[in-house]
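Here is the naming used below: chain letters follow the sequence lines, and residue numbers restart at 1 for every chain.
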Amino acid sequence: TQLLEQSPQFLSIQEGENLTVYCNSSSVFSSLQWYRQEPGEGPVLLVTVVTGGEVKKLKRLTFQFGDARKDSSLHITAAQPGDTGLYLCAGYNAGNNRKLIWGLGTSLAVNP
Amino acid sequence: GAGVSQSPSNKVTEKGKDVELRCDPISGHTALYWYRQSLGQGLEFLIYFQGNSAPDKSGLPSDRFSAERTGGSVSTLTIQRTQQEDSAVYLCASSSGTGESYGYTFGSGTRLTVV
């Protein structure tokens, strides 16, 4: 069974701090996606990484796909209260009947 | 419409009643997914439709759960004889294809409460 483990499970920080959350697996994925979910809403896609070692930046968010395509990280610089939410990673592997495998998420709270 | 639409947004039902949850995907999206999410938890896969292929029902927790997708567009998730453990947010998502570069667009969900 392919699993994606996310850490930490919960994170509470002050506005302006930096943070990194992780998404790890023992399996290789063709791509990794990151989503953010706010209360009362569905997850919203932030980024897709498809190449081992790839780094993508989205304003203050930096996403990295591991060289072996088994893990990914999300780094947020100078966190703001608007970054608060549940961050979910999802891996794609054609062997899973072409559907995503989801981690359980990191719940981030950024306090003003 | 511009996004994935789900209705109702909230549903309270009595234990033992049947419920139907509706999902309108983005027009032209060939793949449609149903997930369940309990409070503060990750996503539990339920069922997946892709074009005219037989649906992937591998995530349905029991035979009380079923889903249809009519005309390759609107989908209905039906839960028969609801139980309290069915209380959760039911999320629908669609995508324009399946493959490593295709992301999902989610609706806002239906919050189901079984009392």
Side-chain angles (χ1 to χ4, degrees), chain A residues 1-7 9-11 21 23 28-52 54 56 58 63 65 69 72 84-109, chain B residues 2-10 21 23-26 29-51 53-60 88-112:
Chain A
T1 302
Q2 295 176 307
L3 294 174
L4 276 170
E5 296 184 356
Q6 292 192 244
S7 61
Q9 186 178 359
F10 299 99
L11 187 58
V21 297
C23 174
V28 175
F29 291 97
S30 301
S31 67
L32 251 291
Q33 299 179 4
W34 285 92
Y35 292 75
R36 179 171 65 214
Q37 184 179 22
E38 298 182 15
E41 299 294 329
V44 174
L45 178 65
L46 297 174
V47 78
T48 302
V49 285
V50 296
T51 304
E54 181 177 5
K56 281 192 173 179
L58 184 65
F63 303 85
F65 200 10
R69 291 185 290 128
S72 181
T84 292
L86 179 68
Y87 288 81
L88 294 159
C89 68
Y92 176 81
N93 187 311
N96 189 41
N97 197 22
R98 305 178 68 82
K99 61 184 186 289
L100 292 174
I101 294 168
W102 293 82
L104 295 181
T106 292
S107 180
L108 172 66
Chain B
V4 176
S5 179
Q6 292 189 247
S7 61
S9 55
N10 283 285
L21 312 180
C23 173
D24 270 288
I26 291 174
H29 276 196
T30 57
L32 186 149
Y33 309 82
W34 283 98
Y35 287 88
R36 180 167 69 176
Q37 187 175 36
S38 299
L39 186 62
Q41 299 298 307
L43 302 179
E44 176 187 3
F45 168 74
L46 297 176
I47 189 169
Y48 150 50
F49 298 89
Q50 169 55 37
S53 301
D56 178 348
K57 304 179 181 180
S58 61
L60 295 178
V89 175
Y90 288 81
L91 290 163
C92 174
S94 69
S95 65
S96 58
T98 57
E100 62 185 30
S101 299
Y102 291 94
Y104 294 3
T105 302
F106 283 85
S108 297
T110 294
R111 181 175 298 278
L112 176 65

### Query
For chain B, which of A:P39, A:P43, A:G105 has the most heavy-atom pairs under 4.5 Å?
A:P43
### Task
For residues B:A93 and B:Y104, report the shortest heavy-atom separation together with the two atoms involved.
CB-CB, 4.0 Å
#### Entry: Per-residue contact mode, A:Q6 against chain B (heavy atom under 4.5 angstrom)
neither
### Query
For A:K99 and B:Y33, which heavy atoms make the closest approach, and how far apart are they?
CB-CE2, 4.2 Å
### Query
Contact part of A:L32 toward chain B, heavy-atom cut-off under 4.5 Å: side chain, backbone, both or neither?
neither
### Proximity breakdown for A:S107 and chain B, heavy-atom pairs closer than 4.5 Å
neither
### Query
Are B:L43 and B:F106 side-chain neighbours, meaning at least one heavy-atom pair lies under 4.5 Å?
yes
### Query
Relative to chain A, which of B:S108, B:S9, B:S101 shows the most heavy atom pairs under 4.5 Å?
B:S108
### Message
For the interface with chain B, which of A:A90, A:G40, A:G91, A:G42 has the highest count of heavy-atom pairs at distances below 4.5 Å?
### Response
A:G42
### Message
Do A:Y35 and A:Q37 pair up side chain to side chain, a donor and an acceptor below 3.5 Å, judged on atom types alone?
### Response
no
### Query
Roughly how far, to the nearest 0.5 Å, is CZ of B:F49 from CG of B:D56?
10.0 Å
### Summary
Turns out that what part of B:T105 lies under 4.5 Å from chain A's heavy atoms comes down to neither
## Note on the structure
A:F63 and A:L46 have their tightest heavy-atom pair at CZ-CB, 4.0 Å
### Task
Select one option (side chain, backbone, both, neither) describing which atoms of B:Y35 are under 4.5 Å from chain A's heavy atoms.
side chain
